[in-house]
There are 2 protein chains.
Amino acid sequence: MKRKSFAAVTSQQVAQLAGVSQSAVSRSFTPGASISPATREKVLKAARELGYRPNAIARSLNTARSRIIGVVVSYFENQFYPQVLETLARKLDTLNYHLLLFVGDRDGNVDRIFDQIMQYRVDGIVLASVSLSLDLSEECLAAGIPVVLFNRSEESGMASSVNSNNEAAARQIAEFFVAAEHQRYAYVGGVADSSVNIARQRGYLAALHEHGIDDVRVVNGDYETQQTIRAAYSLFSTGPVPDAIFVANDHMALTVMDVARYEFGLHIPETLSVIGYDDTGPSGWPSYALTSVSQPVQEMVDAAVELLMKQIESGTIEPEQIIVPGILVVRHSTRRPRNGVIEKEGVSLFQPQEVK
Amino acid sequence: MKRKSFAAVTSQQVAQLAGVSQSAVSRSFTPGASISPATREKVLKAARELGYRPNAIARSLNTARSRIIGVVVSYFENQFYPQVLETLARKLDTLNYHLLLFVGDRDGNVDRIFDQIMQYRVDGIVLASVSLSLDLSEECLAAGIPVVLFNRSEESGMASSVNSNNEAAARQIAEFFVAAEHQRYAYVGGVADSSVNIARQRGYLAALHEHGIDDVRVVNGDYETQQTIRAAYSLFSTGPVPDAIFVANDHMALTVMDVARYEFGLHIPETLSVIGYDDTGPSGWPSYALTSVSQPVQEMVDAAVELLMKQIESGTIEPEQIIVPGILVVRHSTRRPRNGVIEKEGVSLFQPQEVK
DNA sequence: GTGAAAGCGCTAACAC
DNA sequence: GTGTTAGCGCTTTCAC
């Protein structure tokens, strides 16, 4: 089984076989181009015979559109992102766009891979859990390449972003804990200066403050398992054990639950309530049944792609910040408040009467 | 904030600014090309000033090498695949290749997206948990595009593949169960005709058979959560409850554990031992502590990429089937045999004396 | 070592 | 509706 690789079939060869010009072939494969059904048939027949497929690379070169979206993800352990990736790939596929995947550094910086992305002349960029330096934002803007930050935002407003309402949802988490009459509050954060962490922490602390609660222990898990384990240890081994912990995302929250149960023998939710953020796969598994804010992946992806498409088609970049509401899904990792939890389509949600 | 998108900088513009020919610019960006350091400096300076980046699309067009590898994944819920994807993307990046991601259909068929892949003139294809029809295999072979099946194989031998030693590992699982004196055996399979499922089931049943055990209940979870739940129900609600279950992958095994514990109140491992395959993230979490065959993702990815590179560089396709050994990692979802479990670098492995 | 020139496979005016 | 032609931005001979 040995064979030299052959050059692929070109439109020229198809044209020859079909007895038409090369441009007729091109037109036969361009939706909406002016070509007679008869010619088109001849061309398609010849193409089929030769196994011809238009060369997307060549097309890209003179349309100046690659139909490729560069996507950077740096946090695969958090199931939320694979889910985003899958949804995004499917969505782009329906629009006949394609997804060039890059893996970001651990620290969530893209500068190193930015060159690579730009060399492929992508039509747009999605950064999931990754930030873009100001320089690069400017460069994209100058180059006319739309960028969407996914689950992250930046202050400059030079790039678009799609997020859930982190701060409001975090406030609701605080309200939930308070309604269930918890006493000792804690927060396990992610990378301290990530926009999402900042918003969630701020909302949580602010709402607690409004209830006169200012003694909140804050530790940091850095979105990373080992660090989260350390954070959880410090939380449980010194001082009074908290009975209400909001963890900045589910991935860390599950780790916190495991440490609480298996290292410290704590009972959830009897002595300790835990809430996460993302509502991703394992959170719904009965072993965890984690109360969590559900980020609507499909809506967020749709919004991101729509933003991208609008900017690509118009050739104009007008950054927009989109906020999609998340919902607090109540499961069994938390003590329940007497009021405010409602049942809807088989899941329990927290919706207190008074809207903030 | 509104700006028209501008055409990107071209090598022609850089040449003009540097006062050299356009080909000098090209050579400056081609490693190993014959160019004097002086000229190169001038060019790089001009390039920096203009923010020039070589256009990979244009380059691809006349080198007939896209430096893009098409990757198809269809099973994101199984953490194993995101992990593979991340590892693969990092590996390709170090070789200056790029990853065009496609999502396969639920049924693991790629025919629909095959056109898309081929249009981008990828230099190679990785199919993870996805099969390729014979027609398409032939087409790739004819087009000189190397294909590697990852965690799947096919009989025709027209495509390369990388797998762990499914059958041998499955035999070892049987030996493990038998050594711990289990009585009632079961197997929860994946998609019935997937190569991996066939090999695992065959190895497991064959080894049990050699021990005189032929009464093994076989149900099917289809690699899919809902179906796995149904399979587990049927396993636990009719006939005597098995005390030894091998589940074809971890993703399904965790579901089986949850159903056993939370729907049927069964105790693991006291009344029931469960073993999975993949040893992916959640399996190591203390809530599950699933005994599982560890697939060495890094080695498997390295092997896949190496295969690809060899074929790309030689321009010759010689399919190879690579088998990477997996290791049975023993945790707490199983009763332990008296002998054969050894400790190594902090993990417990099963390595019976007699090698089969 | 360097520039001129051809051409990779295609799209998009432009005439007819 | 169709063929002719001129590029898209680059790499790669080929002379010099």
Side-chain angles (χ1 to χ4, degrees), chain A residues 5-44 46-47 50-68 96 118-123 143-144, chain B residues 5-44 46-47 50-68 96 118-123 143-144:
Chain A
S5 67
F6 292 128
V9 181
T10 70
S11 61
Q12 184 56 61
Q13 297 170 43
V14 176
Q16 201 159 356
L17 179 60
V20 297
S21 77
Q22 180 272 328
S23 39
V25 177
S26 171
R27 283 193 268 258
S28 300
F29 284 92
T30 308
S34 108
I35 185 107
S36 79
T39 322
R40 205 179 120 88
E41 255 330 301
K42 273 195 297 188
V43 169
L44 292 186
L50 297 175
Y52 169 76
R53 263 180 258 270
N55 184 330
I57 300 280
R59 171 182 292 157
S60 295
L61 189 57
N62 51 17
T63 56
R65 290 237 167 293
S66 61
R67 299 197 81 84
I68 291 178
N96 200 25
M118 295 301 273
Q119 291 193 12
Y120 275 94
R121 301 300 193 261
V122 297
D123 291 344
Chain B
S5 66
F6 291 128
V9 182
T10 71
S11 61
Q12 184 57 59
Q13 298 170 42
V14 176
Q16 202 159 356
L17 179 61
V20 297
S21 75
Q22 180 271 329
S23 35
V25 177
S26 170
R27 284 193 267 261
S28 300
F29 284 93
T30 308
S34 103
I35 185 107
S36 78
T39 321
R40 206 180 119 89
E41 255 331 302
K42 273 196 298 189
V43 169
L44 292 185
L50 298 175
Y52 169 76
R53 263 183 258 270
N55 183 330
I57 300 279
R59 171 181 291 158
S60 296
L61 189 57
N62 51 17
T63 57
R65 290 237 167 293
S66 60
R67 299 197 81 84
I68 292 179
N96 199 25
M118 295 301 273
Q119 292 192 10
Y120 274 95
R121 299 301 191 260
V122 296
D123 290 345

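Proteins come first, then strands; the chains are lettered A, B, ... in the order of their sequence lines, and each starts at number 1. Remember, it's a predicted structure, so these values are computed and weren't measured experimentally.
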For the residue pair B:Val9 and B:Val14, what are the closest heavy atoms and their distance? CG1-CG2, 4.1 Å
What is the first contacted nucleotide of DNA chain C and what is the last, in 5' to 3' order, if contact means an atom lying under 4.0 angstrom from a heavy atom of chain A? C:dG9 to C:dA13
Ignoring hydrogens and angles, write down the donor-acceptor pairs under 3.5 Å from the side chains of residues 17-25 of chain A, residues two or more places apart or on other chains.
residue : atom : partner : partner atom : Å
A:Ser21 : OG   : A:Ser23 : N            : 3.4
A:Ser21 : OG   : A:Ser23 : OG           : 3.1
A:Ser21 : OG   : A:Ala24 : N            : 3.2
A:Gln22 : NE2  : A:Ser11 : OG           : 3.0

Separation between CZ (A:Arg59) and OG (A:Ser26), nearest 0.5 Å, reads 7.5 Å
Under 4.0 Å, counting only non-hydrogen atoms across every strand here, what does B:Thr10 touch: a base, just sugar-phosphate, or nothing? sugar-phosphate
By nearest nucleotide on DNA chain C, pick out whichever of B:Ala58 and B:Val20 is the more 5' one. B:Val20
For B:Thr63, report the nucleic acid contact type (base, sugar-phosphate, nothing); a contact means any heavy atom under 4.0 Å. sugar-phosphate
Where are the stems of DNA chain D, defined as at least 3 consecutive Watson-Crick or wobble G-U pairs with both distances under 3.5 Å? C:1-16 with D:1-16
Within the supplied structure, the quantity of interest is the number of heavy atoms (other residues, nucleotides, ligands) at a distance under 6.0 Å from A:Gln16 CD; does it exceed 12? no
For B:Ser66 and A:Tyr120, work out which heavy atoms get closest and say how close. O-OH, 2.6 Å
I want to check something: taking the side chain as every heavy atom from C-beta on, are A:Ser60 and A:Ile57 in contact at a cut-off of under 4.5 Å? no
Please tell me if the side chains of B:Arg40 and B:Phe29 come closer than 4.5 Å, counting only heavy atoms from C-beta onward. no
Pick base, sugar-phosphate or nothing for B:Thr39, based on heavy-atom distances below 4.0 Å to the nucleic acid. sugar-phosphate
Numerically ordered, the residues 22-30 of chain B set in heavy-atom contact under 4.0 Å with DNA chain D is B:Gln22, B:Ser23, B:Ser26, B:Arg27
First and last nt of DNA chain D near chain B, cut-off under 4.0 Å to heavy atoms, 5' to 3', are D:dG9 to D:dT13
Say you draw a straight line from CD of A:Gln13 to OG1 of A:Thr10; how long is it, rounded to the nearest 0.5 Å? 4.0 Å
Could you pull out all residues at least two apart from B:Ala33 that satisfy side chain to side chain contact (heavy atoms under 4.5 Å, CB included)? B:Arg27, B:Thr30
Interatomic distance, CG@A:Asp123 vs CZ@A:Arg67, rounded to 0.5 Å, equals 7.5 Å
Sugar-phosphate, base or nothing in reach of A:Ile35, heavy atoms under 4.0 Å: sugar-phosphate
The reported gap from CD1 in A:Ile35 to CD in A:Glu41 (rounded to nearest 0.5 angstrom) is 11.0 Å
To the closest 0.5 Å, what do you measure between CG (B:Asn55) and CG (B:Leu61)? 10.0 Å
